[in-house]
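Start at 1 and go down the list; that is how both ligands and their atoms are numbered.
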Amino acid sequence: MTAIHHRRTTCRLCNSANVELAFALAPSPLAEAYLPPERAHEADVRYPQDVYLCHDCGGVQQLDVIDATALFRDYQYTSATSPGLKAHFDRYATDVIRRFKPASNSLVCEIGSNDGTLLRFFKAEGMRVVGVDPAEKIAFVATLNGIPTYRAFMNAETAAAIVRDHGGAAIVCANNVLAHAEEPGVILDGVREVLADDGVFVFEVSYLPDLLAANACDWCYAEHSIYPTVGSYNSLFHRHGMEIFDVQRVHTKGGSIRCFTQKIGCPQKKWSSISSFMNAEVNGDQLYNGAVCGRIRDIATYRAFIRRVNAIRDQTVACLQEYCDRNLRVIGYGASATTTTLLHHFKIGGLLDYLVDDNPQRHGLVSPGYKLPVKSPQELYGKDRPDAVLVTAWRFAAEIMQRHRDYKGVWILPLPHFQEIAT
Ligand SMILES: [Zn+2]
């Protein structure tokens with residue numbers, strides 16, 4: 001325990017104490033804490049990465065809570081620099097406007113609006129927009145760039161301020177926000193307050209069955225502390241006076257769901273998609289990314305998951321150790337939050353020379369924990385080129401390998417299954 005960390009004893013979604021450890025990853029520092037070299041000497045505190053299943057609501061989550069103010073103060077992730085996300089947000093805004101047809105000049109509010117990338121697309125469609133984001137610098141820059149942004153967490157108080165300044169919202173959006181709140185119910189109380197009675201709240205979150213099927217242990221870190229399913233979120237929404245009326249699959253972030261919700265009893269029709277998702281989650285017979293993930297409310301599903309992950313870890317360690325023993329140089333491709341969990345759970349940071357990343361804002365920083373320097377992908381070429389590249393950004397492996405088809409060395413993919421690919 002530190003001043004910024006505590007462990008809950010109850011479920012973040014329903015407050016039940018009927019929670020059981022599902023699997024434990026190795027402790028890890030804050031996943032996004034990439035620092036300039038002059039701060040490299042700062043000691044990293046490592047936090048538990050234990051994931052629990054709530055037997056009452058089916059919520060899967062970490063119970064260790066990092067104080068959100070500390071978590072987001074230095075937050076550097078910006079949507080505009082994330083691969084493919086701009087095009088995704090453009091389609092997202094168009095789809096929502098076409099489906100719900102809000103009157104021109106209606107208010108659209110986004111929770112966790114980051115640099116305003118999504119809201120800018122709504123603004124271009126003739127909507128008034130307002131963002132809510134706790135990260136100081138990001139909120140300031142977004143406001144300067146024409147996207148008015150409240151530097152705050154969403155709750156009933158922030159919602160009341162928005163209603164006072166701008167009126168009720170026809171559309172509220174939140175992307176990957178409901179997956180890291182200490183208590184997502186607090187956000188929902190704000191949403192219910194800010195939403196007009198015929199308004200729609202749309203949110204996207206990564207989807208637990210996809211995480212399990214892809215052995216994606218690296219998706220677990222403090223900013224992603226809840227692993228959503230339609231079943232657990234359906235009961236969460238009901239407890240806060242809201243209901244999900246439709247669910248769609250989207251392919252961002254390795255597999256996500258987009259849920260459409262409203263205040264209970266409001267005009268949108270309820271679609272059968274909700275029961276299809278919930279049945280598949282309970283029966284565990286659905287294919288996700290070509291694999292079956294198992295029954296979502298059965299603890300055996302998580303025990304099987306961690307066995308698969310640890311077998312892949314052992315293969316990866318053996319492979320990297322062999323390169324190291326032969327004095328060959330291996331680097332990592334991808335310096336993101338997921339990289340931090342992957343390197344710490346697999347304990348392989350010490351076997352890598354450095355990391356490269358496509359985002360120039362990361363270059364010159366050092367990684368959390370192992371303090372690996374982050375460089376440009378140009379390092380893949382020239383006489384000092386690495387002998388092998390571990391693709392820590394394995395979700396983007398195909399496009400990375402295609403873009404760097406002139407690289408002469410070995411590609412190592414840790415997940416979803418270990419692979420070594422010689423060029
Ligand atoms: Zn629960």
Inset, instruction - Measure up the H404 and Y333 rings against each other and bin them: parallel (under 30°), tilted (30 to 60°), perpendicular (over 60°). - result: tilted
Legend entry - Aromatic plane relationship, H166 with Y150 - under 30° parallel, 30 to 60° tilted, over 60° perpendicular: perpendicular
Legend entry - F100/F260 aromatic ring centres below 6.0 Å: yes
Inset, instruction - Using salt bridge (Lys or Arg N to Asp or Glu O under 4.0 Å) as the criterion, list what pairs up with K263, not counting sequence neighbours. - result: D197
Inset, instruction - Return the set of protein N, O or S atoms whose distance to the Zn ion (ligand 1) is under 2.8 Å, each given as residue and atom. - result: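 Metal shell, protein only: C11 SG, C14 SG, C54 SG, C57 SG.
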Inset, instruction - Kindly indicate whether a cation-pi arrangement holds for R258 with Y92, taking the cut-offs as under 6.0 Å to the six-membered ring centre and within 45° of the axis. - result: yes
Legend entry - Beyond-backbone contact of F305 with C293, side-chain heavy atoms, under 4.5 angstrom: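 No, their side chains stay 4.5 Å or more apart.
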